[in-house]
Amino acid sequence: MFKDNGVPSWCSSRFYYTMFMPKGIREHLNKLLYIALFAIAVPALVLLFLWHTAFSSFHYDKKVLFIIVIAAVWIVLFIVLYFNIYVRTKVRYYETIIEGRKYRNAIRKEMIRNKKQTEKQ
């Protein structure tokens, strides 16, 4: 279905649906975790590394200024990238992605039902 409509194959991944079409509390919590990881944890580690290496010879005030600028640029780039992917995929291929979500939900529901039946036996 995705291939027939020209939708990129990665749009059918669990990560994509979690980030752009979360359903249920688990996917919403995963989305928050991913956002925290990509928007906070990764830049924090990079900035911590830079603090002790590339910026080690700078005065404290200059270090803080560079860290703030780099963090702000990172967050802006993250937001721009997120909405760029959103517009180029979800908005463009909305009907196909909605249909894919229905299939994913049906498959998941069937898997849960089968698991419960197996546990009863």
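Not measured: the values here are computed from a predicted model.
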Notebook entry, point to check: When hydrophobic residues are tied together by side-chain contacts of less than 4.5 Å, even through go-betweens, does F15 share a cluster with I98?
Noted result: yes

Note to self: If we ignore hydrogens and angles and just use 3.5 Å, is the side chain of Y82 paired with the main-chain N or O of M19 as donor and acceptor?
What the structure shows: yes

Note to self: Atom CZ of residue position F58 - does it have more than 12 heavy atoms of other residues, nucleotides or ligands inside 6.0 Å?
What the structure shows: yes

Margin query: Would you say I79 ends up clustered with L33 if hydrophobic residues are merged whenever their side chains have heavy atoms under 4.5 Å apart, either directly or through other cluster members?
Written below: no

Next item on the list: Write down the atom of S13, the atom of R104, and the distance for their closest heavy-atom approach.
Entry: C-NH1, 4.1 Å

Checklist line | Working for side-chain contact (heavy atoms from CB on, under 4.5 Å), residues V64 and W51 | finding: CA-CA 9 Å; V64 171; W51 184 273; 3.9 Å; yes

Checklist line | Heavy atoms of other groups near Y103 OH, more than 12 under 6.0 Å | finding: no

Next item on the list: Nearest 0.5 Å please: distance from the NZ atom of K31 over to the OH atom of Y17.
Entry: 14.5 Å

Check: Which pair of heavy atoms, one from I85 and one from W10, lies closest together, and at what distance?
Finding: CG2-CH2, 3.8 Å

Next item on the list: Tell me whether L81 is reachable from V76 by hopping between hydrophobic residues (I, L, V, M, F, W, Y) whose side-chain heavy atoms are closer than 4.5 Å.
Entry: no

Next item on the list: Side-chain contact test, heavy atoms from C-beta onward, threshold under 4.5 Å: evaluate it for I70 versus F55 and give yes or no.
Entry: yes

Checklist line | Any donor-acceptor pair under 3.5 Å from R101 side chain to M21 backbone | finding: yes

Check: To the nearest 0.5 Å, what is the distance between OG1 (T18) and CD1 (I35)?
Finding: 11.0 Å

Check: Does any non-hydrogen side-chain atom of C11 lie less than 4.5 Å from one of F2?
Finding: yes

Notebook entry, point to check: Can you find a side-chain donor-acceptor pair between T89 and Y16 that sits under 3.5 Å?
Noted result: yes

Note to self: Count I, L, V, M, F, W, Y as connected when their side-chain heavy atoms are under 4.5 Å apart, and connections chain through other members. Are Y60 and F66 then in the same cluster?
What the structure shows: yes

Margin query: Tell me whether the count of non-hydrogen atoms from other residues, nucleotides or ligands lying under 6.0 Å of CD1 in I25 goes above 12.
Written below: no

Check: How many angstroms lie between CD1 in I67 and CG in L50, if you round to the nearest 0.5 Å?
Finding: 6.0 Å

Note to self: Let me confirm one number: the CZ-CZ distance from F83 to F78, rounded to the nearest 0.5 Å.
What the structure shows: 10.0 Å

Item checked: Closest contact, heavy atoms only, P43 versus L37 -> CD-O, 4.4 Å

Notebook entry, point to check: Can you find a pair of side-chain heavy atoms, one from Y93 and one from P8, that are under 4.5 Å apart?
Noted result: yes

Notebook entry, point to check: Is a side-chain donor or acceptor of K90 paired with a backbone partner of F20 at a separation under 3.5 angstrom?
Noted result: yes

Check: Under 4.0 Å between a Lys/Arg side-chain N and an Asp/Glu carboxylate O for E110 and R113?
Finding: yes

Item checked: Donor-acceptor side-chain pairing of N84 and R88 below 3.5 angstrom -> yes

Notebook entry, point to check: Is a side-chain donor or acceptor of E99 paired with a backbone partner of E95 at a separation under 3.5 angstrom?
Noted result: no

Notebook entry, point to check: So, N5 side chain and M1 main chain: donor-acceptor pair closer than 3.5 Å or not?
Noted result: yes

Checklist line | hydrophobic_cluster_shared for I68 and L77, side chain cutoff 4.5 Å | finding: no

Check: Between W74 and F38, is there a donor-acceptor pair closer than 3.5 Å when you use the side chain of the first and the backbone of the second?
Finding: yes

Item checked: Close side-chain approach of N105 to K23, heavy-atom, < 4.5 Å -> yes

Check: In Å and rounded to the nearest 0.5 Å, what is the CD1 to CZ distance from I97 to R92?
Finding: 11.0 Å

